[in-house]
Number of protein chains: 2
Amino acid sequence: MMTEKQNQTNGEIVPTQLIIKRAVEVICGKWRLSIIHLLRNETLRYGEIKRLIPGISEKVLVHELKQLVELGMLEKKSYGEIPPRVEYTLTEKGRTVVPVIDLLEEVGQAFL
Amino acid sequence: MMTEKQNQTNGEIVPTQLIIKRAVEVICGKWRLSIIHLLRNETLRYGEIKRLIPGISEKVLVHELKQLVELGMLEKKSYGEIPPRVEYTLTEKGRTVVPVIDLLEEVGQAFL
DNA sequence: GTCGATACTTACCAATTGGTGGGCAACTGA
DNA sequence: TCAGTTGCCCACCAATTGGTAAGTATCGAC
């Protein structure tokens, strides 16, 4: 039975459980997938994201955006204007989790 | 653009964001998917699960199992024996999240 | 000069999550 | 009599996560 996978960079064996736990770390958080879902087919400004996710606090939104950028899932573009204008775009890497969202949308129905 | 879905039971409109948030609630937790992954093709006793998930504390394991049973994802069968014997089996409902695990396994690779 | 707009930051707090280490019940076999 | 087995509970604690409400910087418009 196949329970482990090769990591292509160095051949190190990474057990399935570790990969799953890492994936859970990456996608979890109360609002994270909502943000990615929002950005799946448009670039949005900070304020637009905030308005489109009612209930999220600024502190958390800023924090999530920062982490998503660090993870390489979002690209942040600041125009040097005043008042500030900042845009967030989903990267290719971020786009890999879109199918997860679609699947979760199906699966989630059963648990409402 | 399709951003909402009909809930089949009463026709109530449930926005996509709510469904996603619910799905996240259901699958998240440090160990939850590991447990489901373990049980994907065999029934296991409590002690076996514990041994197969190194690092999990008893308190958390018991708690997770209880919640998974409540969610209808796991079935618990107690034989009235001493010392106790308790088996956990993945239900059909629980089986719906197996594809999520498989997808996360693919996606998670990129974030190791 | 003060207001509004925008994208944050900060201090403080509350709730949730997870971990540690012990205990317990009930029977069996030595 | 007494340790071993097994599934689970409990009190307590620490870390993480999330929320509230306020403040900041900079500009143009009135």
Undergrad: For A:Phe111, is there any backbone N or O sitting under 3.5 Å from a side-chain donor or acceptor partner on B:Arg22?
TA: yes
Undergrad: Any protein N or O atoms within reach of nucleotides 2-6 of chain C? Criterion: under 3.5 Å, listing atom names and distances.
TA:
from: C:dT6; atom 1: O3'; to: A:Arg45; atom 2: NH2; distance (Å): 3.2
from: C:dT6; atom 1: O3'; to: A:Pro84; atom 2: O; distance (Å): 2.9

Undergrad: Enter the distance from B:Thr16:OG1 to B:Lys21:NZ here, rounded to the nearest 0.5 Å.
TA: 13.5 Å
Undergrad: Any chance you could lay out the side chain to side chain contact (heavy atoms under 4.5 Å, CB included) test for A:Gln67 and A:His63, step after step, and finish with the verdict?
TA: CA-CA 6 Å; A:Gln67 282 195 246; A:His63 185 237; 2.8 Å; yes
Undergrad: Looking at every strand, decide which applies to B:Lys30 at a 4.0 Å heavy-atom threshold: base, sugar-phosphate, or nothing.
TA: sugar-phosphate
Undergrad: Got a second to check how far B:Lys30's NZ is from A:Cys28's SG, nearest 0.5 Å?
TA: 13.0 Å
Undergrad: Compile the donor-acceptor pairs under 3.5 Å between side chains in residues 70-80 of chain B and protein atoms, sequence neighbours left out, one pair per line.
TA:
from: B:Tyr79; atom 1: OH; to: B:Glu87; atom 2: OE1; distance (Å): 2.9

Undergrad: Quick one, which residues of residues 68-79 of chain A touch DNA chain C with a heavy atom under 4.0 Å?
TA: A:Lys76
Undergrad: Side-chain contact, heavy-atom cut-off 4.5 Å: B:Arg32 with B:Leu68?
TA: yes
Undergrad: Please collect all disulfide (SG to SG under 2.5 Å) contacts where either partner lies in residues 40-112 of chain A, sequence neighbours excluded, each pair once.
TA: none
Undergrad: Taking atom CZ of B:Arg45 and atom OH of B:Tyr88, what is their separation to the nearest 0.5 Å?
TA: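 Answer rounded to 0.5 Å: 11.5 Å.
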Undergrad: Given B:Leu38, which of B:Ile53, B:Leu33, B:Leu90 fulfils the side-chain contact (heavy atoms from CB on, under 4.5 Å) condition?
TA: B:Ile53
Undergrad: Under 4.0 Å between a side-chain N/O of B:Tyr88 and OP1 or OP2 of D:dC8, yes or no?
TA: yes
Undergrad: Rounded to whole Å, please give me the gap between CD in B:Glu25 and C1' in D:dG18.
TA: 14 Å
Undergrad: Check each residue of residues 52-66 of chain A for a non-hydrogen atom within less than 4.0 Å of any atom in DNA chain D, then write out the ones that pass by number, or none.
TA: A:Ser57, A:Lys59, A:Val60
Undergrad: side-chain contact (heavy atoms from CB on, under 4.5 Å) with B:Leu61: which residues, sequence neighbours excluded?
TA: B:Ile35, B:Tyr46, B:Ile49, B:Lys50, B:Ile56, B:Leu65
Undergrad: Send over the distance from B:Ile35 CD1 to C:dG18 P, rounded to a whole Å.
TA: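 Going from B:Ile35 (CD1) to C:dG18 (P), I get 10 Å.
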